[in-house]
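Working notes, structure below.
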Amino acid sequence: MSNTKNCRVCNNPIEPFMSFGRMPLGNGFRNPNNMSKEYKYEMKVAVCSQCSTFQLIEQPSPEKMFHEEYAFFSGTSIRMQNHFADFSKDILNEIGNDDPFVVEIGSNDGILIGNFAEKGLRHLGIEPSSNVAEVSRKKGINTKVSFFSKKISEEIVDQNGAANAIIAANVICHIPTINDIAEGVSNLLVDDGIFVFEEPYLGDVLDKTTYDQIYDEHVFLFSLNSVNQIFDRVGMEIFRAQRQWTHGGSMRYWISRKGKRAIDESVHKLLENESNQRILETETFIKFKRQCEDQKYKLRSILEDLRAKDKRVVGYGATSKSTTILNYCGIGPEHIEFISDTTPIKQGTVTPGSNIPVRPYSEFQNNYPDYALLFAYNHSKEIMQKESNFEINGGKWIVYVPEVKII
Ligand code: SAH
Ligand code: TYD
Ligand code: ZN
């Protein structure tokens with residue numbers, strides 16, 4: 001467990017502006033036949049007034065979250081597969097095809113680094129959760145089962161040489177020892193190498209009140225402001241930034257050593273956006289707190305109302321994000337009959353903290369409920385296309401992003 005009174009980036013003292021209460025692990029799905037005492041921590045959040053980094057005060061230890069039974073498999077969404085294939089093309093456009101060496105941090109089942117392996121390019125995925133790493137190895141992808149760190153970067157340089165590109169998605173915001181990661185990245189890259197990573201974007205979380213992006217794994221929520229300050233410490237800077245639709249609103253940061261690449265207009269534009277959005281001001285986070293409380297009230301009211309009317313409500317997608325919603329809003333099996341999910345390892349379990357059964361997708365499809373609460377809203381395009389029959393049969397969706405409503 002890391003429990004800090006000081007910013008993990010710049011060591012400035014930090015104070016929480018909000019607590020979401022005691023929380024279990026976001027991916028801590030449990031076997032209903034083995035309900036030993038559940039691990040919980042208090043989910044409090046702070047913003048550093050010096051370097052602007054949004055962070056958890058307490059975070060469970062990485063070994064508690066990432067291990068041989070990690071429940072998130074990246075390959076479950078077809079749109080994400082396409083997204084990562086495009087990501088790999090963008091990388092190759094930037095670094096060229098002349099025998100590059102590409103390293104991915106947090107490669108999971110190989111959804112991104114696999115695109116380089118398929119082309120026969122030199123590649124290496126770094127992935128500490130051995131069950132998902134095994135899936136990628138079976139696809140013939142070089143995978144090192146380890147947490148990335150400066151020390152591991154030294155081993156890779158010794159064994160494989162320096163990298164032309166390091167890539168990462170939805171993992172840098174998971175790693176509390178962020179300064180060590182920045183040093184490891186700088187150490188592993190060739191002189192004009194690039195580090196490109198994408199993560200849920202703080203600007204979107206504030207705009208859409210997607211507070212469910214806050215959970216144990218996400219120790220940080222980044223903005224351009226904070227990322228620039230983190231990499232400034234190792235002589236690097238953002239030279240391009242691109243918004244992404246993934247995970248309800250993400251940002252892709254392109255980073256190089258200072259002066260190695262012209263700073264793209266996108267960086268200036270997005271920094272200006274952040275300033276207009278007042279992303280550095282305390283007031284903004286006080287307003288965010290009020291919006292979270294308001295959203296909680298509205299979602300609970302709808303579910304209480306449907307419960308009073310004896311309507312059948314089922315959840316769609318047992319996401320890690322949903323753990324924050326369910327526990328913060330006090331939603332349980334009395335509101336939601338079960339949550340349907342396509343991930344085999346989650347089926348037959350109950351949700352962390354809220355004990356709602358997770359069932360295979362067929363149970364949703366074969367017996368449509370009156371209402372489906374869409375937890376996997378980041379995949380809504382893919383899901384709405386797939387589920388037109390649910391609506392034709394009179395089913396209604398409950399959504400909470402960007403606002404709580406029934407559609
Ligand atoms: N990149 C994939 C997976 C994201 S989930 C995607 O975008 O879909 C985060 C992954 O990072 C998990 O598989 C987890 O095991 C891994 N991870 C966590 N901490 C890590 C670290 N310090 N170094 C490398 N990988 C890490
Ligand atoms: P996701 O929102 O990608 O991640 P997180 O856990 O980071 O919040 O998780 C999507 C979950 O939804 C995953 O458990 C798989 C499931 N899912 C379905 O059940 N059906 C679908 O059609 C899709 C796209 C996902
Ligand atoms: Zn700081």
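We count residues from 1, following the sequence as given. One-based numbering, in listed order, for ligands and for the atoms of each.
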Test of understanding: given a 4.0 Å heavy-atom threshold, classify the contact between [X] and ligand 2 as side chain, backbone, both, or neither.
| X | answer |
| --- | --- |
| F72 | side chain |
| Y377 | neither |
| K321 | both |
| H247 | side chain |
| M80 | neither |

Which one holds for N170 and ligand 1: side chain close, backbone close, both close, or neither close, with close meaning a heavy atom under 4.0 Å? both
Shortest reach to atom 10 (C) of ligand 2 by a heavy atom, considering only T246, T319, I78: T319
Quick one: which of I105, I113, T76 has a heavy atom closest to atom 24 (C) of ligand 1? I105
Counting only heavy atoms not in K119, do more than 12 sit closer than 6.0 Å to its NZ atom? yes
Are there over 12 heavy-atom neighbours, none belonging to E382, within less than 6.0 Å of that residue's CD? yes
Could you tell me which atoms of ligand 2, counted from 1 in the order shown, lie closer than 4.0 angstrom to a heavy atom of [X]?
| X | value |
| --- | --- |
| K346 | 13 (C), 14 (O) |
| Y215 | 7 (O) |
| S320 | 5 (P), 6 (O), 7 (O), 8 (O) |
| N378 | 1 (P), 2 (O), 3 (O) |
| T343 | 13 (C), 14 (O), 15 (C) |
| I383 | 22 (O) |
| G317 | 12 (O) |

Taking the six-membered ring of [Y] (Phe, Tyr or Trp), confirm whether the NZ or CZ of [X] is under 6.0 Å from its centre and within 45° of its axis.
| X | Y | result |
| --- | --- | --- |
| K44 | F20 | no |
| R312 | Y371 | no |
| K321 | F375 | no |

Judging by distance only, is a nitrogen or oxygen of [X] under 3.5 angstrom from one on ligand 2?
| X | answer |
| --- | --- |
| N27 | no |
| T76 | no |
| E382 | no |
| Y316 | no |
| S77 | no |

Protein contact of [atom] - nearest heavy atom, named by residue and atom, plus distance:
| atom | result |
| --- | --- |
| atom 13 (C) of ligand 2 | D341 OD2, 3.5 Å |
| atom 15 (O) of ligand 1 | E127 OE2, 2.6 Å |
| atom 23 (N) of ligand 1 | F148 N, 2.8 Å |
| atom 2 (C) of ligand 1 | S74 OG, 3.3 Å |
| atom 11 (O) of ligand 1 | V171 CG2, 3.3 Å |

I would like to know whether E363 and S340 meet side-chain hydrogen bond (donor to acceptor under 3.5 Å, both in side chains); could you show each step before the answer? CA-CA 7 Å; E363 299 207 17; S340 123; over 6 Å; no
Taking 4.0 angstrom as the limit, do [X] and [Y] come out as a salt bridge?
| X | Y | result |
| --- | --- | --- |
| R240 | E94 | yes |
| K144 | E127 | no |
| D192 | R261 | no |

Could you tell me whether F338 and F364 have their ring centroids closer than 6.0 angstrom? no
Are F195 and W254 near enough that their ring centres are under 6.0 Å apart? no
Gap between atom OG of S149 and atom CD1 of I105 - 0.5 Å precision: 9.5 Å
Criterion ring-ring contact (aromatic ring centres under 6.0 Å, His included) on Y400 and Y377, from CA distance to verdict: CA-CA 9 Å; Y400 50 85; Y377 59 83; 5.7 Å; yes
Residues D216 and Q59: side-chain donor-acceptor under 3.5 angstrom: no
Tell me, please: is P128 in heavy-atom contact with ligand 1, that is, under 4.0 Å? yes
Heavy-atom side-chain contact between F285 and K289 under 4.5 Å: no
